[in-house]
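Keep in mind that the numbers below use all heavy atoms, side chains included, and drop hydrogens, waters and symmetry copies.
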Amino acid sequence: MLRHIGLLLVCTIAVQAQTTINSNIVTNTTWTAANSPYIISANITVSANVTLTIESGVEVKFDAGRYIFVRGTMNATNTVFTGNNGITKGFWDGLYVSHSSYEDGSVSLTGCTIEHATQINTRKGTLTLDGCTLNNFSGSGVVIEALGILDIANTTISNTDYPIRFTGAGAFNPGENLTFTDNTNNFARINFTALNTQFHLKKLNIPYYTNNTLTVSNTGELLINPGVQLYFHNSGEIRVDGKFKALGTESEKIIFNRNSTANYYQGIVFRANSIDADCVMQYCEINNNANSNYGITALSIQSASPAIENCNFNNNSYNVSITGDSKPVFVNCNFGASVRTDAEANNIIMDLNSQPVFTNCNIAFNEKELRAVSIIASTVTVNNTLKKINFNGFENITYCLYDLTTIAESASLTIEPGVVIKSRNSYTNLIANGTLTGIGTASEPIIFTALSDDNFGNPADTENNGTTTPAYSTWGRIHLNSVSESKLENWKIHYSGSGSTWWAVYVTKNNIVNNCEIRYSSNGIRFTESAKVTNNNFINITGFPISYIVSNGTPDLQGNTISNVGYSGIHLDAFANDSPTLKKIPFAGNQNPSHLIY
């Protein structure tokens with residue numbers, strides 16, 4: 001007899017737990033691994049003064065477009081935040097730390113993975129990321145707003161637009177072991193324009209980046225740590241109306257540079273309202289600003305006086321411009337050659353309101369650029385002194401004067417002995433409606449001459465084109481019109497004027513030209529009223545050494561000498577409208593010289 005034994009096979013199928021979250025968290029709550037995954041089917045708010053704790057091993061899945069908004073506290077460890085049946089970039093919205101209208105929130109994520117979102121945003125409060133992975137975001141990895149704080153360490157952010165993006169001056173505290181890879185733009189982007197509080201850029205293993213004009217207001221402060229790199233796109237610029245401290249070190253310099261896809265940037269600009277005592281750059285590199293617009297310089301100083309120490313300027317069109325009532329101090333700086341080859345003075349640009357100081361600085365020039373410091377057109381509105389500037393290897397470097405500089409009636413300009421000014425062209429004019437005082441000495445005369453005059457200046461061959469002979473009367477003019485006494489003494493004024501109808505120097509009122517050498521001009525000095533033109537030497541003047549607008553003043557022409565001039569008498573230019581009388585005026589050893597009408 002056969003016995004059949006039937007075996008009953010019992011199969012147990014474990015069904016994984018799943019919890020759907022579709023309402024706000026209003027009491028302290030813990031999400032457990034046992035109830036994972038949690039499906040976020042609606043936008044969820046963690047209320048103020050409420051803590052959401054997410055245990056290790058939990059998976060949080062978001063339906064399309066959903067987010068968690070934390071006004072209270074959320075703490076998660078070894079949690080995966082991902083899309084619910086969606087793995088495309090931006091499938092779900094993200095995580096938000098509070099809002100500027102609410103109280104501070106707090107989100108702390110340790111060992112977590114966040115993927116397929118739009119972004120994580122710390123708006124007001126603190127976001128802490130430690131040992132996390134952020135991947136495959138459609139927007140930025142972490143957005144930091146003005147009242148947000150990001151503490152981040154041991155974290156990888158990949159496959160995002162920008163791994164970090166600032167939309168305000170929030171606090172950023174980067175720690176060790178940060179990895180940013182395969183992002184569309186591997187920068188920490190500064191994406192706001194007005195800085196009214198303190199903003200602190202700390203060292204990061206990727207550059208910061210901006211394509212905006214970031215204006216540091218009079219209540220704002222931009223602090224930049226050693227080792228920081230800040231890259232600009234074409235419109236990128238920093239304008240300082242408040243405080244700016246870029247404090248690098250010899251081993252960890254701060255780098256300002258253009259983005260590789262940009263041709264140039266707008267530079268760093270210290271403006272009139274900047275706080276001089278709190279504007280410092282140390283151990284910085286300002287590089288690769290090839291802006292073709294004249295005056296858009298790597299560093300622009302406008303009626304400001306920052307301290308620039310141990311900084312290098314490399315591969316720029318124009319390194320520095322200094323305008324307005326500016327007294328910046330440069331110490332141990334290197335000014336590299338311009339990248340422009342247009343035969344202009346491009347390296348350092350200033351106007352005659354400014355008074356920069358250079359100590360132990362180096363300057364270099366390319367083969368084509370003018371080897372001089374550029375003085376650009378301006379109206380002088382302050383009381384200023386043009387001093388000799390020394391660079392290593394270029395003691396008393398030449399100035400190149402461009403276009404028209406006018407000294408306003410309320411202002412004054414003093415020029416130190418030994419200064420060498422070369423005129424860029426015949427349109428160069430120095431007009432003193434205010435006081436111009438230049439007292440040279442026999443050993444250190446003040447030089448006002450042609451750009452191509454290779455007899456003066458350092459380097460003498462300013463154009464770097466070998467020995468040249470300038471054309472007569474094509475290199476600028478001087479006008480002394482001031483009511484208060486202007487005085488030129490011990491000057492060499494060569495090649496000045498503009499063709500045969502202009503004069504090298506024009507003197508009115510009681511102003512003085514004494515003991516000067518006027519050489520290589522078509523015409524010398526035109527005077528009127530009670531001008532004092534005394535003890536001067538007129539040499540190689542093809543036309544008239546002297547010309548007179550007859551007036552009721554008492555001019556003085558004593559002690560002058562002439563040599564190799566076209567006409568030895570006094571040219572009569574015109575009669576003033578004050579019914580003057582033409583009187584004898586001794587000139588060049590002749591007690592009653594001829595008066596010539598031509």
Non-neighbouring partners of Asp278 that pass side chain to side chain donor-acceptor pair (under 3.5 Å), sequence neighbours left out: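 So Asp278 forms a side chain to side chain donor-acceptor pair (under 3.5 Å) with Lys245.
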Pairing residues for Asn433 by the side chain to side chain donor-acceptor pair (under 3.5 Å) criterion, not counting sequence neighbours: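 Testing Asn433 for side chain to side chain donor-acceptor pair (under 3.5 Å), a comparison that skips the adjacent residues, returns Asn481.
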Ion pair Glu103/Arg71, N-O distance below 4.0 Å: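 A salt bridge links Glu103 with Arg71.
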Pair Arg239 + Glu237, salt bridge at N-O below 4.0 Å: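 A salt bridge is present here (some side-chain N lies under 4.0 Å from a carboxylate O).
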Under the side-chain contact (heavy atoms from CB on, under 4.5 Å) test, residues paired with Ser326 that sit two or more places apart: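 Expected list: Ile301, Ile322, Pro328, Ser354.
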Qualifying residues under side-chain contact (heavy atoms from CB on, under 4.5 Å), relative to Ser108, sequence neighbours excluded: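 Ser108 satisfies side-chain contact (heavy atoms from CB on, under 4.5 Å) with Asn75, Thr110, Thr128 once adjacent residues are dropped.
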Neighbour count >12 (heavy atoms, 6.0 Å) for atom CD, Glu409: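 Count not over threshold, so no.
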Asp342, CG: over 12 other non-hydrogen atoms inside 6.0 angstrom: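 Above 12, so yes.
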Single hit among Thr405, Thr406, Val380 for side-chain contact (heavy atoms from CB on, under 4.5 Å) with Leu430: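 Single side-chain contact (heavy atoms from CB on, under 4.5 Å) partner of Leu430 among Thr405, Thr406, Val380: Thr405.
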Would [X] and [Y] count as a close aromatic pair, with their ring centres under 6.0 Å?
X      : Y      : answer
Phe330 : Phe358 : yes
Phe199 : Phe166 : yes
Tyr96  : Phe69  : no

Inter- and intrachain pairs under side chain to side chain donor-acceptor pair (under 3.5 Å), touching residues 131-148, at least two apart: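 Found His116-Asn136, Asn121-Glu145, Asn135-Ser158, Asn135-Asn159, Ser140-Arg165.
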Side-chain donor-acceptor pair present, Thr184, Asp161, cut-off under 3.5 Å: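 The answer is no; no qualifying pair exists.
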Backbone N/O of Asp276 and side chain of Ser274: donor-acceptor pair under 3.5 Å: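 Not at all, since once roles are kept as given, no pair shorter than 3.5 Å links the two residues.
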Below 3.5 Å, can you tabulate the donor-acceptor pairs from side chains in residues 393-400 to any protein atom, sequence neighbours excluded?
from: Asn396; atom 1: ND2; to: Gly418; atom 2: O; distance (Å): 2.8
from: Thr398; atom 1: OG1; to: Asn458; atom 2: N; distance (Å): 2.9
from: Tyr399; atom 1: OH; to: Lys387; atom 2: O; distance (Å): 2.4

